[in-house]
Amino acid sequence: MKRSADLSVVAVGRSPLSPRFALCFVLSLALLLSGCLLDHPLQSYYGTVKPPADQEFRWSDGGLPKIFDPSMAAAPPDTDAVRALYEGLTDYDPQTLRSVPAVAERWEPSIDYRTWTFYLRKDARWSNGDPVTSQDFVRSWKRAVDPQRHAPHAKLLANIAGVQDLIRPAGPTPTASPAATPVTITPPSTPIQPAPTPAATTPGEKPEVASTTPVVSPFGAEAVSEFVLKVRLDQPDADFAALVAHPAFRPSHEIDSSIVKNGNAETLITNGAFRIAKIEADNILLESAKGYWDAGSVGLKRVRFVDSLNAEAALASYRTGDLDAVTNAGFEPLALKLLSPYQDFRRYTFGSLNFYRFNTARAPFCDKRVREALAIAFDRDRLTEDETKGVSEPANSFLPVQMSGNTVRTEGEITRLKYDVERARQLLADAGYPNGQGFPTVRLLINRNEQQRQVAQAVVAMWRNSLGIEAEIITKNWDEYESAITAGDFDIVRRGVVMQTTDESTNMLALMDTDIAPQTAADDSVTVAVNPTSSPAENASVPTPAPAPPAIRSQAQALSELPAMPLYFASSYSLVKPYVSGFDTNLLDAPSLKRVRIDTAWQAPK
């Protein structure tokens, strides 16, 4: 089910706090801290800092994991548990977000990045002793895209050849379909293969050659041998090795009964660095997996997911030393300001974007000059500081700086939108609207959310002051809002997306994939499909449908065409005790438990 995220910068991944609870929480926190703030210098760390005696990591992650099926885990804490329990072909380095070997020792892309071959390690085992094979991935991926299962992230697999045929509803084949638009792929500036590649290929493997022979299997993932997996893609993807690190691509064992919810933990067959040891009402205990191929690099003996009833309870447990880390808690802005001086409080940019999408089928928004003028005529820095209380990051591009898989980019290599009122006025004048004269009132559609209303009011005010144009803010409840988007009943609409991967093309497709009706043409006339049973004379007066615009698969393309304009990125927050190492924060909010260590001899610096 497709549903864009209604992002909240103060409660990422959590439901908003009720006003009464929020007030009580903030007041109680203020009372707890007032002595420190007023009577003596602030302590370095929040609360008691006493390392545990053993390698057990106690974690409040916004609740207890409830889904342990890799294909069905949608968000933390479920996805965090899946990352610990299952291992995919690749994984992310949690600091750099580069893809690193996991079950696959190495991989090879074809020259056009449409065929990827993964070579699996032979010592990767399931917890029951079975080897992890290429067929495990083929079977699991087919299961993930089964339309009857409604897997939350099935679209991440949509570029695999044959997946569209598997998920397309039964019925007649469409009479016309626009040809795939050629995509130019720029080779990454860093090597795709993170592990050395032997000079010779695996015996029996043949190099990729052009062929007109029909593909035998409609599914693009093929088990060439027990430990060689070949994946064919519909569109080139230079970052595919990063995409398959997502939990949705991780395999499940062929025994279907091993996929369980809470309970029957002993039946769960996994292949990751940890396994489930015990499930209780208020905590779930994982223990390091002795049969894991890289068990020697796992520092923790146990990971305990602790169920904190709310943010206040989690904070209280952390303060008394009963927790080692708190993430995905709904901290209010005032609480964030009170916590920010402590060294164990972390704030970092999260890969989720609030943006405004243009209805490019309507005039004047079909004119790129108009879209660019609107995109650069408001100050994102002032917007985030004033309207989101400084707890979000201004988005001058669609992707954070380091979100392009193996092609990690620097700030100077990315084209960014620049606040430029003079250029915006010139663009609008060139489009035929000097000083905003004759420009129609903009219909800006947002979902019912107080913060989104404030953001919209601020943007509209800046457009008025900079360009002399007016806008009407249309607020609708979620169902009506989604229906209006589907009908194309808007000029500009607020959207939000939580990015699931560092794969650039996947992220851009998710950002630009909307259910906007295509029937409204630039001149507001209605485009009608030709009836194939009518005579040529009857069809002569019927407008020919315009071809679908090419899919936007790169940030450079999006910044050039500007079908949308970014507003701000959300922020994530956590508390992590200073004796914990390896619990790295990143844009995907995906720490690696395999790297975590507890310094049991830690002492506060003098």
Side-chain angles (χ1 to χ4, degrees), residues 1-22 62-63 66-67 72-76 78-79 150-156 310 328 330 332-333 350-362 365 383 387-389 391-392 395 398 442-460 471-500 507 509-520 563-572 589:
M1 179 179 69
K2 182 181 181 300
R3 176 185 174 119
S4 296
D6 180 15
L7 304 176
S8 172
V9 297
V10 297
V12 175
R14 300 282 289 171
S15 300
L17 301 177
S18 67
R20 177 178 298 177
F21 172 76
K66 293 181 172 60
I67 297 175
M72 298 304 292
D78 296 339
T79 49
H150 303 289
H153 297 305
K155 279 193 173 183
L156 294 178
N310 48 51
N328 289 301
E332 289 292 307
F350 180 47
S352 57
L353 177 70
N354 264 280
F355 62 102
Y356 284 165
R357 180 71 187 268
F358 294 104
N359 189 346
T360 55
R362 285 187 176 181
F365 309 100
L383 184 72
E387 306 309 325
T388 71
K389 311 304 180 187
V391 295
S392 65
F398 290 98
V442 178
R443 299 177 71 250
L444 172 59
L445 174 65
I446 66 171
N447 57 297
R448 194 174 299 281
N449 177 286
E450 179 59 22
Q451 183 173 329
Q452 295 307 328
R453 185 187 64 81
Q454 294 174 357
V455 168
Q457 287 179 333
V459 172
V460 166
E472 174 189 5
I473 300 172
I474 302 170
T475 304
K476 292 182 179 291
N477 293 327
W478 189 264
D479 290 342
E480 295 176 331
Y481 164 78
E482 290 283 286
S483 297
I485 292 172
T486 302
D489 186 18
F490 64 89
D491 294 329
I492 300 175
V493 61
R494 187 212 75 89
R495 301 301 272 167
V497 167
V498 176
M499 301 173 197
Q500 299 295 322
N507 285 330
L509 286 171
L511 285 168
M512 302 305 166
D513 179 19
T514 59
D515 297 324
I516 299 174
Q519 75 272 14
T520 307
M565 54 182 175
L567 298 176
Y568 57 84
F569 297 110
S571 294
S572 285
D589 216 1

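Every heavy atom of this structure was used, including side-chain atoms; hydrogens, water molecules and symmetry mates were not.
The shortest side-chain heavy-atom distance between Asn507 and Val497 does not fall under the 4.5 Å cut-off. For the pair Met499/Ser352, no side-chain contact is recorded, criterion being any heavy-atom separation below 4.5 Å from C-beta on. Within the 4.5 Å cutoff, no side-chain heavy atoms of Arg495 are placed close to those of Leu511. Residues Asn359 and Val493 form no side-chain contact, since every pair of their non-hydrogen atoms from C-beta on lies 4.5 Å or further apart. Residues Met72 and Asp78 form no side-chain contact, since every pair of their non-hydrogen atoms from C-beta on lies 4.5 Å or further apart.
Here CD of Glu482 is found 9.5 Å from CG of Leu445. Values are rounded to the nearest 0.5 Å. In this structure, Thr388 OG1 and Gln451 CD are separated by 6.0 Å, a value rounded to the nearest 0.5 Å. In this structure, CZ on Arg453 lies 13.0 Å from CG on Asn447, to the nearest 0.5 angstrom. Interatomic distance, NZ of Lys476 versus CZ of Phe490, reported as 12.5 Å (0.5 Å rounding). To the nearest 0.5 Å, the span separating OG1 on Thr475 from CG on Asn449 amounts to 9.5 Å. We find the NZ-CD distance between Lys389 and Glu332 to be 12.0 Å, quoted to the nearest 0.5 Å.
Residues Ser571 and Ser392 approach most closely at OG-CA, 3.7 Å, considering heavy atoms. The shortest non-hydrogen separation linking Pro563 to Thr360 is CA-CG2, 4.4 Å. Residues Ile67 and Ala73 approach most closely at CG2-N, 4.0 Å, considering heavy atoms.
Considering only residues two or more places apart in sequence or on other chains, Asp489 meets the side chain to side chain donor-acceptor pair (under 3.5 Å) condition with Arg443. Taking the salt bridge (Lys or Arg N to Asp or Glu O under 4.0 Å) definition, one finds that Asp491 meets it with Arg362, sequence neighbours left out. With sequence neighbours left out, the side-chain contact (heavy atoms from CB on, under 4.5 Å) criterion links Ala456 to Tyr356, Leu444, Ile446, Ile473. Applying the side-chain contact (heavy atoms from CB on, under 4.5 Å) rule to Ala564 yields the partners Phe355, Arg357, Phe398, Met512; only residues at least two apart in sequence or on another chain are considered. Looking at residues two or more places apart in sequence or on another chain, you find a side-chain contact (heavy atoms from CB on, under 4.5 Å) between Ala154 and Ala151. Taking the side chain to side chain donor-acceptor pair (under 3.5 Å) definition, one finds that Glu480 meets it with nothing, sequence neighbours left out.
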- request: Might you work through the side chain to side chain contact (heavy atoms under 4.5 Å, CB included) test for Met565 and Phe358, ending with a clear yes or no?
  value: CA-CA 8 Å; Met565 54 182 175; Phe358 294 104; 3.9 Å; yes

- prompt: side chain to side chain contact (heavy atoms under 4.5 Å, CB included) between Ile492 and Phe365: does it pass, once the steps are laid out?
  reply: CA-CA 9 Å; Ile492 300 175; Phe365 309 100; 4.3 Å; yes

